[in-house]
Colleague: 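Could you have a look at this structure, given as structure tokens, before my questions?
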2 protein chains.
Amino acid sequence: MTRQTASDRRRPATQEDVARAVGVSRTLVSFAFRGAPGVSQQTREAIFEAAARLGYRQNAAAADLASKSASAIGLYLLDIRNETYAEILTGIRDSLEDVRNRLVLSVAHSRGGTEQAGIESLIEARVGIVIGATLLDSDDHVRELSRSVPVVSVARRIEGVDSVYSDDRLGARAAMEHLLSLGHTRIAHFTGPSPFGYQDRELAYEQAMREAGLSPWVVVGDDYTQEAAERLALRLFETESRPTAVFAHNDQIALGIREAAYAKGLRVPEDLSLIGYDDSRLARLRGIDLTSVDLGALQLGRVAGAAALERLRAPHAPAVDARSEPRLVVRASTAPPRPGRRG
Amino acid sequence: MTRQTASDRRRPATQEDVARAVGVSRTLVSFAFRGAPGVSQQTREAIFEAAARLGYRQNAAAADLASKSASAIGLYLLDIRNETYAEILTGIRDSLEDVRNRLVLSVAHSRGGTEQAGIESLIEARVGIVIGATLLDSDDHVRELSRSVPVVSVARRIEGVDSVYSDDRLGARAAMEHLLSLGHTRIAHFTGPSPFGYQDRELAYEQAMREAGLSPWVVVGDDYTQEAAERLALRLFETESRPTAVFAHNDQIALGIREAAYAKGLRVPEDLSLIGYDDSRLARLRGIDLTSVDLGALQLGRVAGAAALERLRAPHAPAVDARSEPRLVVRASTAPPRPGRRG
DNA sequence: ATGAAAGCGCTAACAT
DNA sequence: ATGTTAGCGCTTTCAT
């Protein structure tokens, strides 16, 4: 289990070390590394040479402390197992590629509670901004938080806070129009427990049902995972009355329902039409072919990253409100209901 | 696009503020927050009360600076879109749940180059340790890096460096034995470009082939993604001679091959047997049913997280070498080759 | 139990 | 162009 002694670490070199090696003051070293003017070409080179030789690296924390600035970017994520968050994170990283900002990560705690603890750690890290995807607290709570540190909310609109999101009502409506136009009437909606921020899909679903003269049928899970949805769907499919179509809050939930359906001998789309949300890469796989609403997660992340940099630059600029349009991608998981169904 | 002015940020409270509010010295506040002995119950309470009222939060960077310690944990990831890394990250986070360490993230740059830049940013953040999954540099390179900062290598064994990994040779051998026992002889191996650290699967494949009197057939992609594998496989399947089975370096690659196969009218497993690696949740979906080698990514992450904490605690302890055993999970993507094949 | 003072590695006036 | 000095928010001796 164990093998050899870890090598001894050398003390990291400081600006002081570099300055002494070159024979100049610390100030010059500081200037050189920040590209500030006022350093002769000659000393500059000597400094870089010595720094490389000594293995000097800036201490970002000390620099932030001294300059009273905060260059780190905090990332708050609910669940990295959900591919969509990974996609958002990739987008954020893309727009931060050329920048030197550190990324401080905080992932929601698995077991309930508020997200206070996770955010707290970001504040203690003195990040200059928090990019949150996805915050589950109330709008007021997030606004309150944003008085301590600027927040960029991804995939959720919060009044007065930088928000980068996709129009969920539009996406949900497109999904429902698709199902209704196929002739479905018994359409259920599977969603998660959050009372905040992520209800637009559900609200649009309910509205679409009512406008079509149908009564809404919402199933609320413990969380937004495949597993929770599968458990719920298994129970639902045991009853006599089951829906002919389900509009799921996200692809994970849709896949959970799909597993449950197959387990009960129901085929998709013959016995059950299924629409997800996110258009993750999963949805595109042959053999899955899930009809889904594409919210452009990668692009959302990119815009959020750019917005974060911009906020760092201009703390007092007006709050960004970047809404994008989702797109329904029809695949093979949706079809007209069977005329002589037993349900 | 814009709406209202972001609220003004208040200056974060410092220990000084709290001390003044209570009427004690900064030292006591510092003691109280670190739970150090030597603070009377009464003052301790008064301090916490005032701190809560003022919204005081420790400045972790300043604390690290003053104490010459480094409590932050650096995370270096190759690609968070690969579900397996997300799983590893989840495991790491699990074992860090109760600890207050910050997580500083660095994701590999999309476009080539060494991973120097990414690691650099972790060093500038003065993390106390770097958990790397997956490092693509040479063993020597990583060892050199580990002289600046302790490293925990996940999913790859590096002599002299804390390593938490699964026995790839074992996993690859199990996969090959499965294919060989089904009667396959034309078995290809799809892998990625890295010359370092991730060759055990390939080596075990080659050895198994040779031992069976067959000649190895290795296809090397530009990277380890589904897309790269798909492109490569499309070309391969256009030729007359194609394999009857493929052992892929990971599930992503396997799925890329699968897409290509279907695009060319080949069915899995009738026309092509397919084995992946990682046993990601993708593999388990009905309609995918990919035979795969489970390397226990979640557990790998958990052990790595624990190892990191332990290394922080005992810098001079012997290097950890935690090897685990993978497990072949047979599903529906593998079957005997068809007797009268056209290949 | 409490406080004063030095210093962590750095930046930012303000010198020269 | 270069150097001096005073902090940034915190921990840590060392006094009291």
Side-chain angles (χ1 to χ4, degrees), chain A residues 10-48 50-51 54-72 100 102 123-128 148-149, chain B residues 10-48 50-51 54-72 100 102 123-128 148-149:
Chain A
R10 47 180 180 228
R11 179 184 69 83
T14 70
Q15 284 187 345
E16 178 79 55
D17 298 328
V18 178
R20 193 161 30 214
V22 179
V24 295
S25 74
R26 278 157 45 212
T27 310
L28 270 301
V29 181
S30 175
F31 276 31
F33 270 91
R34 282 177 292 147
V39 185
S40 71
Q41 185 61 25
Q42 188 181 329
T43 34
R44 175 181 245 87
E45 275 164 17
I47 286 171
F48 286 146
L54 296 173
Y56 167 75
R57 315 227 189 271
Q58 283 197 72
N59 180 329
D64 273 4
L65 183 58
S67 65
K68 301 168 193 285
S69 63
S71 60
R100 290 167 26 85
R102 280 154 296 146
I123 292 183
E124 288 184 2
R126 287 300 189 274
V127 298
S148 303
V149 55
Chain B
R10 44 176 183 230
R11 178 184 69 80
T14 70
Q15 285 187 347
E16 178 80 55
D17 298 329
V18 178
R20 192 161 30 214
V22 179
V24 295
S25 72
R26 275 157 45 212
T27 310
L28 286 192
V29 181
S30 175
F31 278 25
F33 269 91
R34 280 175 296 143
V39 186
S40 71
Q41 185 59 26
Q42 189 181 330
T43 25
R44 176 180 245 84
E45 274 164 17
I47 286 171
F48 286 148
L54 297 173
Y56 168 75
R57 317 227 188 269
Q58 282 198 72
N59 181 331
D64 272 4
L65 184 59
S67 64
K68 303 169 193 285
S69 63
S71 59
R100 288 167 28 84
R102 279 154 295 145
I123 293 183
E124 289 183 3
R126 288 299 189 276
V127 298
S148 303
V149 57

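A note on names: the letters A, B, ... follow the listed sequences, proteins ahead of strands, and every chain is numbered from 1. Values reported hereafter were calculated over all heavy atoms of this structure, with side chains retained and with hydrogens, waters and symmetry mates removed.
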Colleague: Using the side-chain heavy atoms of B:Ser40, tell me which of these nucleotides is nearest: C:dC10, C:dA6, C:dA1.
Modeller: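 Selected nucleotide: C:dA1.
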Colleague: Output the pairing pattern of DNA chain D as a dot-bracket string, 5' first, Watson-Crick or G-U wobble with both distances under 3.5 Å, | for cross-strand pairs, [ ] for crossing pairs.
Modeller: ||||||||||||||||
Colleague: Assuming nearest nucleotide by heavy-atom distance, tell me which of B:Arg44 and B:Ala66 is located more 5' along DNA chain C.
Modeller: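 It is B:Arg44, whose closest nucleotide lies nearer the 5' terminus.
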Colleague: Between C:dT11, D:dC10, C:dG9, which nucleotide gets closest to the side-chain atoms of A:Ser67?
Modeller: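 Between C:dT11, D:dC10, C:dG9, the one nearest the side chain of A:Ser67 would be C:dT11.
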Colleague: Which one, C:dT2, D:dC10, D:dC8, comes nearest to the side chain of A:Lys68?
Modeller: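 Output: D:dC8.
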Colleague: Looking at B:Arg34, does any N or O in its side chain come under 4.0 Å of the phosphate oxygens OP1/OP2 on D:dT12?
Modeller: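 For B:Arg34, the contact criterion (side-chain N or O under 4.0 Å from OP1 or OP2 of D:dT12) is met.
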Colleague: From D:dC10, D:dA1, D:dC8, pick the nucleotide closest to the side chain of B:Gln58?
Modeller: D:dC10
Colleague: Reckon A:Ser69 touches a base, only the sugar-phosphate, or nothing at all at heavy-atom distances under 4.0 Å?
Modeller: nothing
Colleague: Find the distance A:Ile47:CD1 to D:dA1:P and express it as a whole number of Å.
Modeller: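 Rounded to the whole Å, the gap is 12 Å.
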Colleague: To the nearest Å, how far apart are A:Leu65 CG and D:dT11 P?
Modeller: 12 Å
Colleague: Given atom CZ of A:Arg126 and atom P of D:dG9, what is their separation to the nearest angstrom?
Modeller: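 Atom CZ in A:Arg126 sits about 9 Å away from atom P in D:dG9.
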Colleague: What integer distance in Å separates B:Gln41:CD from C:dA1:P?
Modeller: 11 Å
Colleague: May I ask you to verify if any side-chain N or O of B:Ser30 is less than 4.0 angstrom from the OP1 or OP2 atom of D:dT11?
Modeller: yes
Colleague: Answer yes if the side chains of B:Ser30 and B:Arg34 hold a donor-acceptor pair under 3.5 Å, and no otherwise.
Modeller: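 Distance-only check passes for B:Ser30 and B:Arg34.
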Colleague: For B:Asn59 and D:dC10, give me the distance from atom CG to atom P, rounded to whole Å.
Modeller: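 So the two atoms are 5 Å apart, to the nearest Å.
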Colleague: Please determine if a side-chain N or O atom of B:Thr27 lies less than 4.0 Å away from the OP1 or OP2 oxygen of C:dA4.
Modeller: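 For C:dA4, OP1/OP2 do not have a side-chain N/O of B:Thr27 under 4.0 Å.
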Colleague: Could you work out which one of C:dT11, D:dT12, D:dC10 sits closest to the side chain of B:Phe31?
Modeller: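 Shortest atom-to-atom distance from the side chain points to D:dT12.
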Colleague: Of all of residues 11-25 of chain B, which get a heavy atom below 4.0 angstrom from DNA chain C, listed by number?
Modeller: B:Val24, B:Ser25
Colleague: Return the set of residues passing side chain to side chain donor-acceptor pair (under 3.5 Å) with A:Gln42 (not counting sequence neighbours), or none when no residue passes.
Modeller: none
